[in-house]
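All remarks here apply to the structure that follows.
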There are 2 protein chains.
Amino acid sequence: MVKRGPYGKGIERREQILEAALRTIAERGFLATSVAELAEAVGLSQSGLLHYFGSKEELFVAVLRKRDEIDMAAIGEPGPEALIRLIRRNTQVPGLIELFTHMQAAAADPRHPAHDYMRVHYERGTAGFAELLRGMQTAGTLPSTVDPEVMATAFMALADGLQSRWLIDPSLDMEYYLQRCWAQFSGEPFPGT
Amino acid sequence: MVKRGPYGKGIERREQILEAALRTIAERGFLATSVAELAEAVGLSQSGLLHYFGSKEELFVAVLRKRDEIDMAAIGEPGPEALIRLIRRNTQVPGLIELFTHMQAAAADPRHPAHDYMRVHYERGTAGFAELLRGMQTAGTLPSTVDPEVMATAFMALADGLQSRWLIDPSLDMEYYLQRCWAQFSGEPFPGT
DNA sequence: GTCTATATCTGGATAGAC
DNA sequence: GTCTATCCAGATATAGAC
């Protein structure tokens, strides 16, 4: 992995930047974080940092991808509890939810770098979740009357909506609503409740 | 309503501005709309316009309130179909959904003028919806096993999440998912389907 | 009370030297 | 690959004309 040619150092630098950005945004929030600040955190000038990402928006999308990567590794076992674990994890880093919410809004513009990210994010997310639900149906732990695609899409939208609202009112108990809705779809109380 | 004293003209001006802003944002989208453009649309300078609202963000929140006002008048009969009518209406003006989504993200900051707006929006929205559901339960058209508060909160989050995603991928059929989820909660197909 | 002009500040983008 | 310098847009503050 320690490459000699060109690129080796650049890629490493890029990773450093992403990790620093992830940390800074998690701590201080998205709105409070300027490119200049992120640059300072890794000892670069503003334009030195932008050299690696092209623009602020592309940098932020890269941060989102990096977070996905880390989350995927940390969440473990797929299953209904994984969604709850993910939400619970996110609750620890409101700054990153803030980032996601802003990028989600910005992604409405097809030219925005977050546009493609979001399309893939939703497509992969629903496909994976629906797959899981289908598995539960064959195992007999989810009624075969529910449509896995519908339920997967609905739960992603529900989780997004709850997170946006939670940022505004942190007293909202996201887990509770997710579990109650799960029960409504599955006909069973949420596993482990 | 034609007032003589002070304020009369100013209030009128304000309404003019809001209507022009509503139209411009609906047509060209939120991202594509600058304060200077809105000012031009009503024949004012940028600072002349800001005189009435204090800041760009407060102007946009005022636009949101104005839209609520208009929507409330147009939606008519409360009932499960009203939610669908609202969503269908919104589909005609993606620019305003874009505005809402951006304000929703910005509202995470307690100092942002959209913060209070959103808190009231959600509180009133869920309370009103829950009230409606309770009425249906006494009328026997909704099982008494569902918790009106939970269902109301879930449906608002669901609608928000679907709208955000729809902006990114307009092929998403929001009505369909809303109706399927309704059926899941009520045990009945959606009224009129 | 209504509105303009102007000045200033911040954040982000870009060009070109090294 | 990184810096400095410059530039530009948008937001905000203020003075004052009408």
Side-chain angles (χ1 to χ4, degrees), chain A residues 2-18 20-21 24-25 28-63 95 98-99 102-103 105-106 109 111-114, chain B residues 2-21 24-25 28-63 98-99 102-103 105-107 109 111-115:
Chain A
V2 182
K3 256 197 90 166
R4 247 243 306 264
Y7 302 139
K9 187 183 169 196
I11 291 174
E12 218 175 273
R13 225 19 179 152
R14 224 184 116 99
E15 289 301 302
Q16 278 173 21
I17 293 169
L18 287 179
T24 309
I25 297 171
R28 340 229 305 215
F30 164 74
L31 292 160
T33 306
S34 69
V35 174
E37 247 169 322
L38 293 180
E40 199 186 355
V42 281
L44 278 180
S45 71
Q46 193 225 44
S47 38
L49 191 161
L50 250 22
H51 167 71
Y52 288 95
F53 298 93
S55 75
K56 182 199 180 186
E57 306 296 308
E58 283 178 89
L59 164 59
F60 282 136
V61 173
V63 170
E98 211 189 335
L99 170 64
H102 273 92
M103 288 299 114
D109 182 347
R111 289 158 309 184
H112 192 284
Chain B
V2 180
K3 256 196 87 167
R4 245 239 308 259
Y7 301 135
K9 188 184 169 195
I11 290 175
E12 220 176 88
R13 235 356 187 166
R14 225 185 114 99
E15 288 303 301
Q16 277 175 20
I17 295 170
L18 287 178
E19 273 154 34
T24 309
I25 297 171
R28 341 230 304 216
F30 164 75
L31 291 160
T33 305
S34 69
V35 174
E37 245 169 325
L38 293 179
E40 200 185 355
V42 281
L44 279 180
S45 72
Q46 196 223 42
S47 38
L49 192 160
L50 250 24
H51 167 71
Y52 289 95
F53 298 93
S55 75
K56 183 194 178 187
E57 306 297 306
E58 282 177 89
L59 164 60
F60 281 135
V61 174
V63 171
E98 211 189 334
L99 169 63
H102 272 93
M103 287 300 113
D109 182 346
R111 289 157 309 183
H112 192 284
H115 187 76

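Just so we're on the same page: letters track the sequence lines, and every chain starts at 1.
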Atom CG of B:L31 and atom C1' of D:dG10 are separated, to the nearest Å, by 14 Å
Taken to the nearest whole Å, NE2/A:H112 to C1'/C:dG12 is 13 Å
Rounded to whole Å, NE2 of B:H51 lies from P of D:dT12 at a distance of 16 Å
Which of A:V35, A:V63, A:L18 passes side chain to side chain contact (heavy atoms under 4.5 Å, CB included) with A:F53? It is A:L18
In whole angstroms, the gap separating P of C:dA5 from CD of B:Q46 amounts to 12 Å
Can you tell me if CD on B:E40 sees more than 12 non-hydrogen neighbours from other groups inside 6.0 Å? no
- Message: Does B:L44 reach a base, just sugar-phosphate, or nothing at all? Heavy atoms under 4.0 Å.
- Response: sugar-phosphate
Rounded to whole Å, CG of A:L50 lies from P of C:dG11 at a distance of 14 Å
Short side-chain to backbone donor-acceptor contact, B:E98 and B:G29, under 3.5 Å: no
Rounded to whole Å, the CD-P distance (B:E15 to C:dT2) equals 14 Å
Among D:dT12, C:dT4, D:dT4, the one nearest any side-chain atom of B:S55 is D:dT12
Which of D:dT12, D:dT4, D:dA11 is nearest the side chain of A:S47? It is D:dT4
note: B:I11, atom CD1; C:dT2, atom C1'; distance rounded to Å ~ 14 Å
Rounded to whole Å, CD of B:E57 lies from P of D:dG10 at a distance of 13 Å
Between B:H115 (side chain) and B:R111 (backbone), is there a donor-acceptor pair under 3.5 Å?
no
